[in-house]
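Residue numbers run from 1 in the order of the sequence given. Computed from a prediction, not measured in an experiment: that's the story for all the values here.
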Amino acid sequence: MERMVFSSLGFQLVRLAHAHRNLIRCEMQDHGLHRGQPPVLFALHQKDGMSNSELAGFLEITPASVTNKVKRMEKAGLVIRRGDPEDERLSRAYLTDKGRGLLDELRQSMFEMEVAMLAGFDDNEVKLLKAGLKRVIDNIEAYDNRYK
């Protein structure tokens with residue numbers, strides 16, 4: 001029975017997520033970033049000037065998490081916050097030249113990580129893996145919706 005737990009899909013997904021998180025952490029440290037910061041950079045690259053609540057919705061994380069990330073990124077010179085000219089209660093985050101300059105490096109790092117993770121898989125296996133993982137995610141979300 002115990003062996004079943006360690007070979008279960010859920011346990012393997014946890015191991016995968018943990019290994020991936022550690023890989024991202026190490027890669028991002030090489031760029032002077034924390035692992036949660038690249039999604040903010042990419043989001044602002046797509047739509048510069050988002051408020052914290054807009055970023056939180058876009059990234060599907062809590063506004064408090066966004067606030068902490070943006071503050072840290074502002075200290076590092078990656079983003080700048082400015083007040084909203086139409087609503088003084090809001091501040092908006094904008095990429096700095098330094099933040100914008102990291103985007104190509106991050107894309108390259110992410111590409112290299114994906115190549116490393118998928119070593120030994122052929123194109124068809126990669127396609128099947130991604131489709132299978134998407135189905136698992138969809139199934140989990142459908143199951144989770146029972147509680148909402």
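With sequence neighbours excluded, the residues that form a side-chain hydrogen bond (donor to acceptor under 3.5 Å, both in side chains) with E74 are R81. Residues that satisfy the salt bridge (charged side-chain N to carboxylate O under 4.0 Å, His left out) test with K75, not counting sequence neighbours, are absent from this structure. For R107, the salt bridge (charged side-chain N to carboxylate O under 4.0 Å, His left out) criterion is met by D104, not counting sequence neighbours. Here T96 pairs with nothing under the side-chain hydrogen bond (donor to acceptor under 3.5 Å, both in side chains) rule; sequence neighbours left out. Every residue two or more places apart in sequence or in another chain that forms a side-chain hydrogen bond (donor to acceptor under 3.5 Å, both in side chains) with D84 is listed here: R92. Taking A43 as the reference, M50, L55, F58, L59 meet the side chain to side chain contact (heavy atoms under 4.5 Å, CB included) condition, with sequence neighbours excluded. A search for side chain to side chain contact (heavy atoms under 4.5 Å, CB included) contacts involving T67 returns N52, K71, not counting sequence neighbours. Evaluation of the side-chain hydrogen bond (donor to acceptor under 3.5 Å, both in side chains) rule for E125 yields no partner, not counting sequence neighbours.
Distance check: M117 CE to L129 CG gives 10.0 Å after rounding to the nearest 0.5 Å. Note that OG of S53 is 6.5 Å distant from CG of L90, once rounded to the nearest 0.5 Å. Going from atom CG of L33 over to atom CZ of R72 covers 10.5 Å, rounded to the nearest 0.5 Å. Summarising the geometry, atom NE2 belonging to H31 is positioned 2.5 Å from atom OG belonging to S109; distances are rounded to the nearest 0.5 Å. The CZ atom of F42 lies 9.0 Å from the CG atom of L102; values are rounded to the nearest 0.5 Å. Between M113 atom CE and I24 atom CD1 the span is 3.5 Å, to the nearest 0.5 Å.
No donor-acceptor pair under 3.5 Å is formed between the side chain of D144 and the backbone N or O of I140. Judged by distance alone, with hydrogens and angles left aside, the side-chain atoms of K69 form no donor-acceptor pair with the main-chain N or O of P38 at under 3.5 Å.
By the 4.5 Å heavy-atom criterion applied to side chains, M28 and Q37 are not counted as neighbours. Taking 4.5 Å as the limit, some side-chain heavy atom of L95 sits within range of a side-chain heavy atom of L41.
Residues near L128 contribute nothing to a hydrophobic cluster around it, because no ILVMFWY side-chain heavy atom sits closer than 4.5 Å to its side chain.
Among all heavy-atom pairs drawn from A93 and L44, the shortest one is O-CD2, 3.4 Å.
Put simply, M73 and I80 are part of two different groups of oily side chains (I, L, V, M, F, W, Y) that touch within less than 4.5 Å, one to the next. Put simply, V14 and V136 are part of two different groups of oily side chains (I, L, V, M, F, W, Y) that touch within less than 4.5 Å, one to the next. Note on L118 and L13: same hydrophobic cluster, where clusters join Ile, Leu, Val, Met, Phe, Trp and Tyr whose side-chain heavy atoms are under 4.5 Å apart, directly or indirectly. Hydrophobic clustering, with ILVMFWY side chains joined whenever heavy atoms are under 4.5 angstrom apart, groups V40 together with M110.
Screening residues 30-49 for salt bridge (charged side-chain N to carboxylate O under 4.0 Å, His left out), with sequence neighbours left out, gives D48-R100. Listed by first and then second residue, the side-chain hydrogen bond (donor to acceptor under 3.5 Å, both in side chains) pairs involving residues 114-124 are E114-K130 (not counting sequence neighbours). The salt bridge (charged side-chain N to carboxylate O under 4.0 Å, His left out) analysis of residues 6-28, with sequence neighbours excluded, yields no pairs.
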